[in-house]
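Data block below; observations after.
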Amino acid sequence: MFRLLVLLFATLVGVAAALPVGAQEPLKIEDLFRPAAYANPILSENGRYFAVTIPINERRNLAVLDLETGNAVGLTSFSDFDVIDINWLGNDRLTFSLGQARSPTGPGQFQGGGLFVVSRDGKETRKINGTVREAQQLNRIYRNLDVYRTLPGNSEEFIAQGNQRDADSSDLYRVNARTGRLTLITEDRPANAQSWVLDREFTPRVVTSWIRDTFTYVVWYRKDAKSPWEELTRYDFTKGPTFVPLVFEDDNQTMQVAFNGGRDTMGVFRYDPNSKKLGELLAAHPRFDMGADAFGSTVPGVITDSKTRKVVGYRVEAEKPETVWTDPDYARIQRMIDQALPETVNTFRRTPDGKRLVVTARADRRPVTWFMLDEEKRTLQELFVSQPWIKPEMLVEQRPFWFKTRDGLEINGYVFLPNNRKPGEKLPTVVHIHGGPQVRPDTWGSGFGWLEGQLMASRGYAVIVPNFRVTPGLGGRIFYAGFGEIGRRMIDDHEDAAKWAIEQGIADPERICMSGGSYGGYATLMSLARFPSTFKCGIAGLLIGDMELQLTSPSTDFARFRSAVNFWLRMIGVARTSDIPREISPQFLADRIKQPLLIYAGADDVRVPLEQTSRMVRALRSAGNPPKHVIIKAGEGHGFGKVENNVELYNRVFEFLDEHIGRRK
């Protein structure tokens, strides 16, 4: 189970040889979709035990490895969920949740969720909170509970966040892992609380609340646990500027916050909550958000020491991850690691005992690999390779690019090209559109776009994975420009990305297909209807055909929530569901779609129910253009989790692409 490689730094320099360029064998579908050999390794507080997920029952299940003895113990054996969100409680217990690691829209809960505790030896287990599936079986609305943070030196207690008391508010609880008892620690709080910041004594001092039935959030602060809450500021996240508290500094009064007032991207600022004054800009990137995005969601930004909790640097998820250290010791370690591992982007965290460091080496053409660095011995031990069966020569480069939309936005994306493409060669091309749409799922070396890009490029296709307006993390101008533009300018962005590929001499303009799941499936259908001369075929998964139905059907998992529906109405640009124009729903544009289509869906999808696929297929058949393939899998939800179903799907996809835009000439 465990391979340990000890290498001196002197021998590590240049260990990553240049990647060969030549004939490329098609990447096996199962090689990318099978569960990783190792994922999510987390070290216990004493540095002796590694928690890691490994393949059991063709799912990611939890195991613990003893570094001293080499013994491993499997702790879970789920066959319908993957174990995600793992945390150590000291050295004796772990918490975890359940999800779908290979969903095209990310490792969401869907019917998973829940919160569980298990002892290191697997002899004690406890369910702290049930899953979404259990709530549905009892005909109840799911109440979430997630680990907010663990407590140093404490193997029995942790702090959790959830809406157990009020469906519209998030509270903090001190949870006893041994008994399952929850003790509320945010009894006195503003209404509709959403997110919290603890001070250095673990006291809730900052909370952001939501004004019901609006898009406005209010940030509250109190000087100590006994002081009243005072409003610091408020913002409308659909317009900005957005203000997100991040962390307290050493004085337990000054904060660091993410803010984009007067600038495009979110930067990290120092802030005095007592005087309500914004201080100096500490870290920012000209193109990418730091600390939080304009949506208000947390993104890489402030880095704190795991033991002292002091701020030691800043990170940004740019075209490739970038880190700047303010602590000279961390900067020195980074230089040493990068010298030893020059072909990867390397991040690290000190072990809880402070004696060693766990290094994560990430790249576009190499499986994620984890190392243990011992500074005193000056050795680097290879711990785990996520997918050891994938070799660098099987993969292609993930190249960042920027394209300009017809109304002047500059938006980034990635392009995947076959390794043996000749200069100037125009290729059959697939434009892959991500789901959401208000998420940024594709980053360097990861994401569903990376997966499709690698699979298709290994078979001779160029793959364009563009972002588009309303994608967060890319600055406010791009994010805010998406509201009111679903089915309109957002669809223009997809064609503009295809035109970029044509202008660059990458794409053969007569052989471009579009692919995507969830919003990407919707975007595929809309693009075929609007731009028939650009897109010659489409692969639409988990699709939305009727936007009004999506927001009103009791079969969806969110239509009952007014706030979720209102958010979608704001993105569409109307006040009521009855105002949604038919021209932004591809079901009513079926007579315009003449190109070949492959459609797939999960029979048990509750995010985009199967009724959407069924109605869209009927509309296409009535219009005289039935889909070439309709693949519906029982037991699957919003994306296929089973390896065999993905193998069948992509084998059919490649047959479809070969037939309609052809392999390389």
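Worth knowing before you read on, the calculation uses all heavy atoms, side chains too, and leaves out hydrogens, waters and symmetry mates.
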Open item on the list: Whether Arg459 engages the ring of Phe654 as a cation-pi pair (distance to the six-membered ring centre under 6.0 angstrom, angle to the ring normal within 45°) should be assessed.
Closed with: yes
- [ ] Indicate yes or no: at least one non-hydrogen side-chain atom of Met616 is less than 4.5 angstrom from one of Pro586.
- [x] yes
Open item on the list: Using a 6.0 Å cut-off, check whether atom CZ of Arg362 has over 12 heavy atoms from anything other than its own residue.
Closed with: yes
TODO: Could you tell me the separation between the CG atom of Asp496 and the CZ atom of Arg469, rounded to the nearest 0.5 Å?
DONE: 8.0 Å
Open item on the list: What I'd like to find out is whether the side chain of Glu382 reaches to under 4.5 Å of the side chain of Met372, using heavy atoms alone.
Closed with: no
TODO: Could you tell me whether the side chain of Phe295 reaches within less than 4.5 Å of the side chain of Gln438, counting heavy atoms only?
DONE: yes
TODO: Would you check, one step at a time, whether the test side chain to side chain contact (heavy atoms under 4.5 Å, CB included) holds for Thr613 with Ile599?
DONE: CA-CA 8 Å; Thr613 295; Ile599 288 174; 3.8 Å; yes
TODO: Check Ile502 against Pro509 and note the closest heavy-atom contact, atom names and distance.
DONE: CD1-CB, 3.9 Å
Task: Any side-chain donor near an acceptor of the partner, Tyr414 and Asn467, under 3.5 Å - done: no
TODO: Report the relative orientation of the aromatic rings in Phe448 and His432; use parallel for angles under 30°, tilted for 30 to 60°, perpendicular for over 60°.
DONE: tilted
- [ ] Decide, yes or no, whether a salt bridge links Glu648 with Lys633 under the criterion of side-chain N to carboxylate O below 4.0 Å.
- [x] yes
Task: Rounded distance [0.5 Å steps], SG in Cys513 versus CD1 in Ile539 - done: 4.5 Å
Open item on the list: Distance to the ring centre below 6.0 angstrom and angle to the axis at most 45 degrees; does that hold for Arg399 and Trp444?
Closed with: no
Task: Leu383 and Val52, any side-chain heavy atoms less than 4.5 Å apart - done: no
Open item on the list: Could you tell me if the side chain of Val73 sits less than 4.5 Å from the side chain of Leu65, heavy atoms only?
Closed with: no
Task: Any donor-acceptor pair under 3.5 Å from Ser527 side chain to Thr524 backbone - done: no
TODO: Report yes if the side chains of Glu322 and Phe288 come closer than 4.5 Å at any heavy-atom pair, otherwise no.
DONE: no
TODO: Return yes if a side-chain donor-acceptor contact under 3.5 Å exists between Ser446 and Thr443, otherwise no.
DONE: yes
Open item on the list: Distance alone, cut at 3.5 Å: any donor-acceptor contact between the side chains of Gln100 and Arg60?
Closed with: no
- [ ] Output yes when Glu495 and Lys499 qualify as a salt bridge under the 4.0 Å nitrogen-oxygen rule, no when they do not.
- [x] yes
TODO: Decide, yes or no, whether a salt bridge links Arg365 with Glu343 under the criterion of side-chain N to carboxylate O below 4.0 Å.
DONE: no
Task: Side chains of Phe401 and Asn412 in contact at under 4.5 Å (non-hydrogen atoms) - done: no
Open item on the list: For the aromatic rings, using the six-membered ring if either is Trp, is the centroid distance between Phe33 and Tyr650 under 6.0 Å?
Closed with: yes
TODO: Identify the heavy atoms of Gly662 and Arg511 that sit nearest to each other, and give their distance.
DONE: O-NH1, 3.7 Å
- [ ] Answer with yes or no whether the side chains of Ser515 and Glu452 bring together a donor and an acceptor at under 3.5 Å.
- [x] yes
Open item on the list: Determine whether a donor-acceptor pair (N or O, by modelled atom type, separation under 3.5 Å) exists between the side chain of Asp364 and the backbone of Gln398.
Closed with: yes
Task: Rounded distance (nearest 0.5 Å) linking atom CD of Gln587 with atom CD of Gln612 - done: 7.0 Å
Task: Side-chain H-bond candidate by donor/acceptor type, Trp402 with Glu319, under 3.5 Å - done: yes
- [ ] Evaluate the ring planes of His434 and Phe468, with Trp represented by its six-membered ring, and classify them as parallel (under 30°), tilted (30 to 60°) or perpendicular (over 60°).
- [x] parallel
Open item on the list: Applying the side chain to side chain donor-acceptor pair (under 3.5 Å) criterion to Asn346, which one of Asp338, Thr323, Thr360 satisfies it?
Closed with: Asp338
Task: Thr76 side chain to Asn61 side chain, donor-acceptor N/O pair below 3.5 angstrom - done: yes
- [ ] Would you check if Met514 and Thr534 make a side-chain contact, meaning some heavy-atom pair closer than 4.5 Å?
- [x] no
Open item on the list: Tell me whether the count of non-hydrogen atoms from other residues, nucleotides or ligands lying under 6.0 Å of NZ in Lys536 goes above 12.
Closed with: yes
